[in-house]
Amino acid sequence: MRADQSSPQILVIPDATHPYLPQPDDLLVNLQEARHQIDAALDVISKAYGKTQDVEGNISGAIQAAYLVMQHVGGKMMCFQSSVPTQGEGKLRPKEDLASYNTEREFKLRKAEDPFFKRFGGECNRIQMCIDIFCCPPKFTDVASLSVYSSVTGGQFYFYPAFFARKDGMKLKAEITRNLTRETGWEAVMRVRMGKGLKCTNFHGHFMIRSNDLMALPTVDPDKAMHVDIGYEEQMVPHQMTYMQCALLYTTSQGERRIRVHTMAIPVVSDVGELFKACDSCATGAILAKLAAEKIRTTTIKDTVHIINKKVIDILKEYRQLYSTHLHPHNKLILPETMKMLPLLALCMQKSALLKGPNEVTTDERSNIIFQVLSMPFDNMMKFFYPRMYPVHDLNQIVIDKDTGAVTLPASLPLTLNSIKETGIYLLDNGMTCYLWIGRAISPQWLIDVFGLQNPTPQDLMNLQVGAALDNPTSQKVIAAVNRVRQNNMYHQQCYVVRQGDPAEAMLLPWLVEDKFQTLYSYTNYLGLIHKGILTR
């Protein structure tokens with residue numbers, strides 16, 4: 001592409017396994033200067049290949065070619081993939097290995113099949129190139145392997161299973177827009193330092209480690225989080241106060257080189273009881289989830305669940321041992337005030353797509369959740385494991401500020417069937433999707449008022465794109481509530497409208513995590529399991 005050309009040229013490289021640049025100077029162009037040619041190129045691609053029957057893919061060749069174009073400047077590459085790459089380096093099997101389900105080799109489905117992905121991703125990281133992948137497959141496409149490109153380069157992986165433009169087009173457009181417009185730092189490195197006696201032992205997230213403790217991040221943005229394990233370097237910390245410092249060096253989009261430093265003073269205590277008083281059960285649960293996401297790549301789901309349960313039991317047993325047995329009944333579960341949420345979060349992990357049984361979640365869906373959990377910001381992770389459910393049938397509880405437009409939602413409800421009634425309407429928000437559940441006693445007029453739908457079928461509701469409000473107070477408040485949960489989220493949440501008794505209700509019921517579901521415990525029964533484990537260990 002050149003500014004003096006009226007249309008782009010198509011250059012055909014016969015050997016896609018070893019790509020090269022036939023015209024190195026004309027392949028990377030400025031968007032503003034060559035916008036007409038870029039639009040024309042997209043039109044040409046759509047017309048030439050939009051109806052092709054050839055679904056063979058070679059993502060490695062495309063990424064290698066883009067690498068050659070960008071290697072002198074680095075930056076961000078956005079890759080759109082819709083089929084299994086069956087050609088070139090890193091080619092994959094076109095079918096999922098169903099025979100591995102419920103066997104000792106099952107975990108291999110959740111690991112990259114070819115070391116090429118990590119090796120080439122590391123080379124991209126070296127030249128400060130980030131790879132964001134938008135995966136829109138009609139069937140199995142080996143997310144475990146493809147997501148390594150994004151993981152090693154600090155990028156983002158977006159997954160749209162069984163992609164259908166009418167259903168997923170709005171979500172795809174919104175997430176591309178956020179990806180390109182969010183605040184981004186470039187060519188970043190981050191280091192965490194500890195005071196005397198302590199050290200960083202492990203790092204979890206999407207980046208590469210250089211020189212033992214330096215995290216290399218071609219890009220850094222608000223939609224990612226990292227987790228660092230801290231351990232003892234000596235037997236005792238010599239002071240009553242220690243320090244942790246996190247330093248991030250990066251370049252802004254305006255070309256300014258900046259360093260951001262956070263330093264925190266941490267008291268050192270000798271009494272374990274004082275330590276429990278300062279604990280954060282939600283932060284502890286988030287760390288356990290990241291550890292589970294890494295562990296599940298090397299062992300079975302059953303073993304990973306056992307490890308999570310054991311860690312919860314060990315933590316609570318340590319607290320129980322602080323008190324003499326005569327101070328509390330033997331058959332009573334003792335939970336520290338700061339850790340009361342931990343057993344619930346551990347149960348929620350086991351009911352999520354991260355640790356559900358192999359027959360309940362596809363390998364691609366689980367691999368995507370593994371990727372997301374390892375970098376998901378804290379607030380998103382809490383909502384994903386324990387969603388928020390708001391009653392929206394009482395419109396007086398949805399308050400819209402006339403001056404600012406800010407929306408205040410009603411108080412959220414416990415995630416159990418006892419919280420919902422057939423005369424109510426509830427909005428469930430798990431951070432990645434949301435569901436609008438409509439009780440069977442609700443008048444059909446409500447659907448007409450809110451969505452303009454008269455006697456819709458369950459499929460009509462499933463295909464509904466919840467977006468703009470109609471010109472009436474009911475629609476405006478309900479849509480305002482949906483847009484409020486979507487606000488400032490890294491994911492564009494599709495909103496599924498579900499009527500009580502419709503087949504689609506099966507999508508929502510598993511998120512009522514405090515109830516017993518299939519073979520999994522209810523919250524009450526799980527507390528009994530944890531208590532029994534504490535008493536027998």
Side-chain angles (χ1 to χ4, degrees), residues 76-81 130-136 143 146-147 149-161 163 167-186 188 190 204-207 215 217-227 248 250 252-253 282-283 285-287 289-290 293 348 352-354 364-388 407 409 427-435 465-467 481-496 511:
K76 179 198 290 283
M77 180 199 308
M78 299 175 70
C79 177
F80 297 82
Q81 176 74 11
C130 156
I131 302 176
D132 292 333
I133 295 182
F134 295 79
C135 189
C136 311
V143 168
L146 294 178
S147 62
Y149 284 130
S150 300
S151 176
V152 176
T153 61
Q156 191 76 41
F157 189 88
Y158 300 87
F159 185 52
Y160 310 87
F163 180 85
K167 172 176 67 75
D168 302 302
M170 184 188 297
K171 177 177 174 65
L172 176 63
K173 178 182 178 181
E175 291 179 345
I176 292 173
T177 301
R178 178 173 176 85
N179 184 293
L180 292 173
T181 58
R182 66 191 174 191
E183 188 73 22
T184 301
W186 308 86
M190 187 166 76
H204 309 275
H206 298 318
F207 45 78
M215 288 176 270
L217 300 152
T219 63
V220 60
D221 57 69
D223 294 340
K224 298 184 182 67
M226 294 85 174
H227 160 212
L248 175 69
Y250 67 101
T252 68
S253 295
C282 292
I287 291 170
K290 290 178 184 288
C348 293
S352 73
L354 181 66
D364 274 351
E365 289 173 330
R366 194 188 313 277
S367 296
N368 174 58
I369 293 300
I370 290 172
F371 181 96
Q372 305 302 335
V373 165
L374 284 173
S375 66
M376 192 182 288
F378 177 79
D379 289 343
N380 280 81
M381 187 177 294
M382 288 300 100
K383 282 201 293 185
F384 177 70
F385 288 120
Y386 193 86
R388 296 170 186 168
V407 180
L409 296 174
L427 176 64
L428 188 142
D429 165 30
N430 69 14
M432 298 183 78
T433 54
C434 57
Y435 302 89
Q465 295 288 313
V466 178
V482 173
N483 290 334
R484 173 64 183 84
V485 303
R486 287 172 168 171
Q487 190 175 357
N488 297 324
N489 195 346
M490 62 183 290
Y491 308 106
H492 177 80
Q493 294 171 261
Q494 289 174 305
C495 184
Y496 295 101
W511 294 104

What's the separation between atom [atom1] in [X] and atom [atom2] in [Y], rounded to the nearest 0.5 Å?
{"X": "Thr433", "Y": "Tyr435", "atom1": "OG1", "atom2": "OH", "result": "3.5 Å"}
{"X": "Asp223", "Y": "Asn488", "atom1": "CG", "atom2": "CG", "result": "10.0 Å"}
{"X": "Cys434", "Y": "Arg484", "atom1": "SG", "atom2": "CZ", "result": "12.5 Å"}
{"X": "Cys79", "Y": "Leu146", "atom1": "SG", "atom2": "CG", "result": "8.0 Å"}

Are the side chains of [Y] and [X] in contact, using a 4.5 Å heavy-atom criterion?
{"X": "Thr153", "Y": "Met77", "answer": "no"}
{"X": "Tyr491", "Y": "Glu175", "answer": "yes"}
{"X": "Leu427", "Y": "Arg388", "answer": "no"}
{"X": "Arg486", "Y": "His492", "answer": "yes"}
{"X": "Phe159", "Y": "Glu365", "answer": "yes"}
{"X": "Leu354", "Y": "Phe385", "answer": "yes"}
{"X": "Val407", "Y": "Leu409", "answer": "yes"}
{"X": "Ile133", "Y": "Phe80", "answer": "no"}

Legend entry - Asp221 with Arg182: basic N within carboxylate O range, under 4.0 Å: yes

Using a 3.5 Å distance criterion without hydrogens, assess whether the side chain of [X] forms a donor-acceptor pair with backbone atoms of [Y].
{"X": "Ser147", "Y": "Val143", "result": "yes"}
{"X": "Lys290", "Y": "Val373", "result": "yes"}
{"X": "Thr219", "Y": "Cys130", "result": "no"}
{"X": "Lys224", "Y": "Ser375", "result": "no"}

Inset, instruction - For the residue pair His204 and His227, categorise the inter-ring angle as parallel (less than 30°), tilted (30 to 60°) or perpendicular (more than 60°). - result: parallel

Inset, instruction - Assign the ring pair Phe163 / Tyr160 to parallel, tilted or perpendicular, where the plane angle (0 to 90°) is split at 30° and 60°. - result: perpendicular

For [X] and [Y], work out which heavy atoms get closest and say how close.
{"X": "Thr184", "Y": "Trp186", "value": "O-NE1, 3.6 Å"}
{"X": "Cys495", "Y": "Val466", "value": "O-CG2, 3.7 Å"}
{"X": "Met376", "Y": "Ala225", "value": "O-CB, 3.7 Å"}
{"X": "Asp168", "Y": "Pro161", "value": "OD2-O, 4.4 Å"}
{"X": "Asn489", "Y": "Gly431", "value": "ND2-O, 2.8 Å"}
{"X": "Gly467", "Y": "Asn483", "value": "O-ND2, 4.1 Å"}

Inset, instruction - Report the C-alpha distance between Phe371 and Ser151 in whole Å, list the side-chain angles of each, state the deciding distance to 0.1 Å, and finish with yes or no for side chain to side chain contact (heavy atoms under 4.5 Å, CB included). - result: CA-CA 8 Å; Phe371 181 96; Ser151 176; 3.9 Å; yes

Inset, instruction - Go through the structure and list residues passing side chain to side chain contact (heavy atoms under 4.5 Å, CB included) with Asp379, not counting sequence neighbours. - result: none

Inset, instruction - Apply side chain to side chain contact (heavy atoms under 4.5 Å, CB included) to Gln372 and Gln156, showing your working. - result: CA-CA 9 Å; Gln372 305 302 335; Gln156 191 76 41; 3.5 Å; yes

Inset, instruction - Let me see the working for Asn430 and Gln493 under side-chain hydrogen bond (donor to acceptor under 3.5 Å, both in side chains), right down to the final yes or no. - result: CA-CA 9 Å; Asn430 69 14; Gln493 294 171 261; 4.8 Å; no

Legend entry - Distance-only donor-acceptor check, side chains Gln494 and Tyr496, under 3.5 Å: yes

Inset, instruction - Just do the side chain to side chain contact (heavy atoms under 4.5 Å, CB included) check on Val220 and Glu183 with the steps written out, would you? - result: CA-CA 9 Å; Val220 60; Glu183 188 73 22; over 6 Å; no

Inset, instruction - Verify the ring-centre separation between Trp511 and Tyr386: is it less than 6.0 angstrom? - result: no

Inset, instruction - Take Phe157 and His206 through the test ring pair (Phe, Tyr, Trp, His ring centres under 6.0 Å) and record every step on the way to the result. - result: CA-CA 11 Å; Phe157 189 88; His206 298 318; 9.8 Å; no

